[in-house]
Amino acid sequence: MKRTITIEEVRKAVEAAHAHFREEKGGKNADYIPYLKNVPSGLFGITVCLADGRSVSAGDTDYRFGIESVSKVPTALLVMNQYGARKILERIGADATGLPFNSIMAILLENDHPSTPLVNAGAISACSMVRPAGNAEAKWKAIAQFISSLCGSDVTVIDELYRSESATNFNNRSIAWLLKNYDRIYDDPEMALDLYTRQCSLGVSTRQLAVMAATIANCGTNPVTREEVFHANLTPHIASLMATVGFYERTGDWLFNTGLPAKSGVGGGIMAVVPGVMGLAAFAPPLDGAGNSVKAQKALEYISVRLGLNIFNPARIEVAAQESVKEKACR
Ligand code: GLU
């Protein structure tokens with residue numbers, strides 16, 4: 001039932017998506033974090049990395065933008081890798097709130113957990129769980145190293161963005177302390193908040209983000225460096241979390257149109273995963289009303305439809321892999 005496509009077809013789809021949406025004018029940069037307001041709005045890049053490590057790119061794919069909420073994916077993975085997936089379900093949960101990503105109301109409405117590690121409350125809670133406990137620098141090292149391993153190259157904080165977020169993150173500060181009130185912070189709340197703010201301020205390119213997505217697609221083994229970054233059985237769990245909440249309050253619409261587990265961030269980046277097949281990343285700063293990049297989502301939707309990537313479609317594709325790549329199952 002599956003259709004096999006070549007990397008040339010992927011390249012044509014990526015180039016066509018870039019050409020189609022380059023002039024798209026909708027949306028505007030996030031402005032509640034001052035740094036993001038000033039990122040050049042015309043930047044636009046797309047990268048697809050196959051589960052065997054080959055990649056194709058179009059546009060501004062080396063520009064390092066703020067990873068923002070996309071960072072919630074690797075931290076959720078790190079914590080699942082350290083504790084096992086069950087523990088995260090128990091302590092944080094896996095349900096969409098149906099409310100904005102930084103909602104305080106969602107915490108008040110949930111009695112027993114912060115809902116999912118892919119919204120602010122759950123992500124701050126996840127940062128508090130990162131091992132080793134009690135040591136901010138060691139925790140940060142664990143997070144930054146894990147993200148670099150997923151990307152296959154070093155990621156570093158954009159200092160100006162970190163300062164900008166730290167000076168304005170009053171809502172997130174309230175979330176951290178409210179979670180503490182409900183016993184859902186598992187270390188110092190200020191430390192968890194700072195780790196979360198730092199991880200959101202990491203700069204990544206679409207090339208790096210696509211390798212991260214391909215590592216998830218490839219059951220935890222980075223297809224470029226060959227490093228085994230996380231347990232293979234976590235791919236279906238993280239893909240499920242992305243599918244349920246990755247596009248804020250527009251997640252249902254996105255999934256309906258593309259059938260792709262994906263996570264977007266207010267820096268303008270989107271990362272999508274086709275398990276076993278490929279990772280995709282796109283970036284363009286102007287956002288829609290829910291916080292998703294207008295151009296990046298159109299580009300990825302175009303590629304998904306053109307290549308038949310929808311994971312719910314039995315006729316979805318696989319890509320002709322290089323001979324060196326062994327078949328892998330996420331077990
Ligand atoms: N650092 C941002 C915040 O906490 C991330 C938001 C996002 O990308 O959704 O508000």
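Just so it is clear, the structure is predicted and the values come from calculations on it, not from any experiment.
- If you chain together hydrophobic residues whose side chains sit under 4.5 Å apart, Val70 and Tyr32 fall into the same group.
- To the nearest 0.5 angstrom, Phe312 atom CZ is 9.0 Å from Leu260 atom CG.
- What you find for Pro117 and Ile88 is that their closest heavy atoms are CG-CG2, 4.2 Å.
- Annotation: side chain to side chain donor-acceptor pair (under 3.5 Å) contacts involving residues 140-158, sequence neighbours excluded, comprise Arg64-Thr156, Ser149-Glu227, Ser153-Gln208.
- Across all non-hydrogen atoms, the minimal contact from Ile104 to Ser174 is CD1-CB, 3.8 Å.
- Cluster membership for Val294 and Leu209, using ILVMFWY side-chain heavy atoms within less than 4.5 angstrom, is not shared.
- A donor-acceptor pair shorter than 3.5 Å can be found between the side chains of Asp194 and Tyr162.
- Taken to the nearest 0.5 Å, the CZ atom of Phe247 stands 10.0 Å off from the CG atom of Leu255.
- Cluster membership for Leu108 and Leu179, using ILVMFWY side-chain heavy atoms within less than 4.5 angstrom, is shared.
- The cluster map of Ile, Leu, Val, Met, Phe, Trp and Tyr, joined by side-chain heavy atoms under 4.5 Å apart, puts Leu195 and Tyr83 in the same cluster.
- A donor-acceptor contact shorter than 3.5 Å is absent between the side chain of Ser205 and the backbone of Asp62.
- Contact annotation: the side chain of Met278 approaches that of Leu309 to within less than 4.5 Å [non-hydrogen atoms, C-beta and beyond].
- Atoms CZ and OH, on Arg163 and Tyr35 in that order, are 10.5 Å from each other to the nearest 0.5 Å.
- Under the 4.5 Å side-chain criterion, counting only non-hydrogen atoms from C-beta, Met80 is not in contact with Phe230.
- Ring pair Phe21/Tyr302 is perpendicular by interplanar angle, where above 60° counts as perpendicular and below 30° as parallel.
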Step by step, work out the side-chain contact (heavy atoms from CB on, under 4.5 Å) result for Arg184 and Ile107.
CA-CA 10 Å; Arg184 295 177 205 153; Ile107 304 171; 3.5 Å; yes
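- By the side-chain contact (heavy atoms from CB on, under 4.5 Å) test, Ser71 pairs with Ile67, Gln199, Cys200, sequence neighbours left out.
- Side-chain atoms of Lys139 come within 3.5 Å of backbone N or O of Cys127 as a donor-acceptor pair.
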Return all side-chain donor-acceptor pairs below 3.5 angstrom for residues 39-49, not counting sequence neighbours, or 'none' if the list is empty.
{"residue": "Ser41", "atom": "OG", "partner": "Asn29", "partner atom": "OD1", "Å": "3.1"}
{"residue": "Thr47", "atom": "OG1", "partner": "Ser57", "partner atom": "OG", "Å": "2.9"}
{"residue": "Thr47", "atom": "OG1", "partner": "Thr206", "partner atom": "OG1", "Å": "3.0"}

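- The only member of Ile238, Leu150, Leu241 that meets side chain to side chain contact (heavy atoms under 4.5 Å, CB included) when paired with Val73 is Ile238.
- Nearest heavy-atom pair, Ala232 versus Cys330, reported as atom, atom and distance to 0.1 Å: O-CB, 3.4 Å.
- Distance alone, capped at 3.5 Å, places no donor-acceptor pair between the Thr221 side chain and the Arg226 backbone.
- Counting heavy atoms from C-beta on, the side chains of Met129 and Ile92 come closer than 4.5 Å.
- Each of Val211 and Val277 belongs to its own hydrophobic cluster when Ile, Leu, Val, Met, Phe, Trp and Tyr are linked at side-chain heavy-atom distances under 4.5 angstrom.
- Rounded to the nearest 0.5 angstrom, Leu178 CG and Asn172 CG are separated by 12.0 Å.
- No hydrogens or angles considered: a donor-acceptor pair under 3.5 Å links the side chains of Asp288 and Gln297.
- A 4.5 Å side-chain heavy-atom check between Asp60 and Phe65 finds every atom pair outside the cut-off.
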Take Arg11 and Glu8, measure what salt bridge (Lys or Arg N to Asp or Glu O under 4.0 Å) needs, and give me the verdict at the end.
CA-CA 5 Å; Arg11 185 183 313 284; Glu8 274 320 307; 3.3 Å; yes
Report the C-alpha distance between Glu190 and Arg173 in whole Å, list the side-chain angles of each, state the deciding distance to 0.1 Å, and finish with yes or no for salt bridge (Lys or Arg N to Asp or Glu O under 4.0 Å).
CA-CA 8 Å; Glu190 289 292 334; Arg173 193 168 298 267; 2.8 Å; yes
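- No donor-acceptor pair under 3.5 Å is formed between the side chain of Asn257 and the backbone N or O of Glu301.
- Closest approach of Ile185 to Ala192, counting heavy atoms only: CD1-CB, 4.4 Å.
- Residues Glu249 and Pro100 are in side-chain contact: their nearest non-hydrogen atoms beyond the backbone lie under 4.5 Å apart.
- Listed for the Ser164 side chain is no donor-acceptor partner under 3.5 Å among the backbone atoms of Leu161.
- In plain terms, the two heavy atoms of Phe146 and Pro74 that are nearest each other are CE2-O, 3.2 Å.
- Every residue two or more places apart in sequence or in another chain was checked for a salt bridge (charged side-chain N to carboxylate O under 4.0 Å, His left out) with Arg22, and none qualifies.
- The salt bridge (charged side-chain N to carboxylate O under 4.0 Å, His left out) test applied to Lys87 returns Glu90, not counting sequence neighbours.
- Under the 4.5 Å side-chain criterion, counting only non-hydrogen atoms from C-beta, Thr258 is not in contact with Leu300.
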Step by step, would you call Thr116 with Thr244 a side-chain contact (heavy atoms from CB on, under 4.5 Å)?
CA-CA 9 Å; Thr116 160; Thr244 47; 5.6 Å; no
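- The side chain to side chain donor-acceptor pair (under 3.5 Å) pairs that include a residue from residues 262-284 are Ser264-Asn292, where partners are two or more places apart or lie in different chains.
- Looking only at side-chain heavy atoms (C-beta outward), Ile311 and Pro261 come within less than 4.5 Å of each other.
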Just do the side-chain contact (heavy atoms from CB on, under 4.5 Å) check on Met271 and Met242 with the steps written out, would you?
CA-CA 10 Å; Met271 169 175 89; Met242 292 165 77; 4.1 Å; yes
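- Annotation for Ser293 and Gly268: closest pair CB-O, 3.3 Å, computed over non-hydrogen atoms.
- How far CD1 of Ile124 is from CG of Asn169: 8.0 Å, rounded to the nearest 0.5 Å.
- The CG atom of Leu36 lies 11.5 Å from the NZ atom of Lys28; values are rounded to the nearest 0.5 Å.
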Checking side-chain contact (heavy atoms from CB on, under 4.5 Å) for the pair Val204/Met212: CA distance, chi angles, key distance, verdict?
CA-CA 10 Å; Val204 285; Met212 182 192 294; 5.6 Å; no
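- Distance alone, capped at 3.5 Å, places no donor-acceptor pair between the Lys72 side chain and the Ala123 backbone.
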